[in-house]
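Quick notes on the structure that follows.
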There are 2 protein chains.
Amino acid sequence: MDTPNHCQFCAQHPDSAFHGLNREGLEEISQLKTCVSFKKGQVLMHEGARPQGVYCLHRGKVKLFTLGTEGKEQIIRFVTKGDLIGYRSILSDEPISASAEALEDTFACYIPKSSFFKVIEDNPKFSLNLLKLSCHELGEAGKMITSLAQKNVKERLAEILLILNTTFGVDEEGYIDINLTREEIANMVGTATESVIRLISELRKEGYIRSKGKRIALEDRSALRQMASVFE
Amino acid sequence: MDTPNHCQFCAQHPDSAFHGLNREGLEEISQLKTCVSFKKGQVLMHEGARPQGVYCLHRGKVKLFTLGTEGKEQIIRFVTKGDLIGYRSILSDEPISASAEALEDTFACYIPKSSFFKVIEDNPKFSLNLLKLSCHELGEAGKMITSLAQKNVKERLAEILLILNTTFGVDEEGYIDINLTREEIANMVGTATESVIRLISELRKEGYIRSKGKRIALEDRSALRQMASVFE
DNA sequence: GTTTGAAAATGACAATTATCATATCTATCT
DNA sequence: AGATAGATATGATAATTGTCATTTTCAAAC
């Protein structure tokens, strides 16, 4: 039997979909899941496919993205420890809307579709958690829509840098603890790679951030928040 | 007792959150709800507020929008007959993320928060429907994000016109059956009002649409689909 | 340490989109 | 029917952003 404690561990986090489940529910999931690992760059799920289960991330980082016109990738959001992948597609009974690719070596639990539904049926609390989760993400998506529609590229870049800083934290030297290329940042901001590079240089010259290679550290977060009109 | 049949009527539509509920469940909702009406321009819910219940639209049209920087409104989506308003906020226990304003005289059923949760508890099917609904909308939001990030204004306008045509249908003369100003269209597309006006003229000159005052009719939908890169 | 390919940086220029000014139209009220 | 306010339309111009070309830097593999 492989690592039956993972679920209880994941469930500790208040934002986890498994939070607040009783012992039996967690035990049930632990029984039904299997553990899988992915190398950096591996694709967990393909846009358009019909997933046969959901992943719950145990360790690692994953980007979710759709392919727009001419194959350009648009990063929708990131998935980290404790987050689920594929639940949207299974619950709405639609093809996967975004591909999921590992940004670093990643470990996840796989819960087959049938087991997933069984846990939902057996645990109303789990169902409510999922509702809460999807409704929260719906609100986040709305914010992203407003940003893309109304802010200019520099404001959006400032916003994304703040989000990355919050989502992934910083290393010992203060750099945001995520390994993204400028192109990937551009694919979040919704702009050209060169524009991101130019604006990162600008922000550096203005003293709001510092950078070393591809790594970025925020120097003046409150100024960035003001620039991005983020009031949280 | 007011119009106890509304809920059964709404529940007929396969996309309704109330679809598939048993007789008792529908009866329960019919008991708990009250009917309200709104004049054109009235606000049903204010961004940032804490709603005390949800609305289920019975007749009329409502726009959902957030206010971006400098008070510019960004229309997220429209709500029509059978759709719910406010459920996202109540379920995620967050403030309302978008204001709701009636685009025409509108009738709705109001279900208080406590009653809403009671129906969820008593009817697992309802809970699953809501999950399906929010997950579907999450996918739609993802599409909108990719469009905003990657398409130019003309492509997005073509896409929005197709969506309006599908959502609201056409009148006897073939015009899209919704009364929107050019400014409101711009607030969906995420651009300046003048840009929308210019591009509507362009589309008209190119023969893809015709217009009469503020009313618009699609003349060549497949060309518009191609322009917008919509393959559905 | 050198090699080497990919990523970052920068400049020049083109395309897109926004802004401002102004004219025309249209629906509604009297 | 005429007045009027708000909406649509259009031109001129400015600002933003994208594209292409080239150079520099970086990091992994040998």
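Heavy atoms only: backbone and side chains are in, while hydrogens, waters and symmetry mates are out.
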(request) Note down the inter-axis angle between the two ends of the helix from C/dG1-D/dC30 to C/dT30-D/dA1, five pairs each, to the nearest 10°. (result) 50°

(request) Report yes if the side chains of B/I145 and B/Q150 come closer than 4.5 Å at any heavy-atom pair, otherwise no. (result) no

(message) Between A/R88 (side chain only) and B/L138 (backbone N and O only), is there a donor and an acceptor less than 3.5 Å apart?
(response) no

(message) Counting only side-chain heavy atoms from C-beta out, which of C/dT17, C/dA7, D/dT17 sits nearest to A/T181?
(response) C/dA7

(request) Take atom CZ of B/R215 and atom P of D/dA9, then tell me their distance rounded to the nearest Å. (result) 14 Å

(request) Give one of base, sugar-phosphate or nothing for B/R204, where a contact means two heavy atoms less than 4.0 Å apart. (result) sugar-phosphate

(message) How many whole angstroms separate atom CD1 of A/I197 from atom P of D/dT24?
(response) 16 Å

(message) Let me spell it out: for each of A/K72 and A/G213, pick the nucleotide of DNA chain D with the closest heavy atom. Which residue's pick is nearer the 5' end?
(response) A/K72

(request) Grab the CZ-P distance between A/R182 and D/dC26 for me, whole Å please. (result) 11 Å

(request) Can you tell me the distance, in whole Å, between the CG atom of B/L199 and the C1' atom of C/dT17? (result) 9 Å

(message) What is the separation between atom CD on A/E194 and atom C1' on D/dG18, rounded to the nearest whole Å?
(response) 8 Å

(request) Return yes when atom CD of A/Q226 has more than 12 non-hydrogen atoms of other residues, nucleotides or ligands closer than 6.0 Å, and no otherwise. (result) no

(message) Please report the distance, rounded to the nearest Å, between NZ in A/K151 and P in D/dT16.
(response) 17 Å

(request) Among B/N165, B/L203, B/L157, find the residue that satisfies the side-chain contact (heavy atoms from CB on, under 4.5 Å) test when tested with B/L224. (result) B/L203

(message) Does either side chain, that of B/K214 or that of B/N179, offer a donor lying less than 3.5 Å from an acceptor on the other one?
(response) yes

(request) Would you classify B/T193 as touching base, sugar-phosphate or nothing, given that sugar-phosphate means primed atoms plus P, OP1 and OP2, and contacts are heavy atoms under 4.0 Å? (result) nothing

(request) Check B/T193, B/L199, B/I216 against B/I185 for a side-chain contact (heavy atoms from CB on, under 4.5 Å) and give me the one that passes. (result) B/I216

(request) Send over the distance from B/E202 CD to C/dT17 C1', rounded to a whole Å. (result) 12 Å

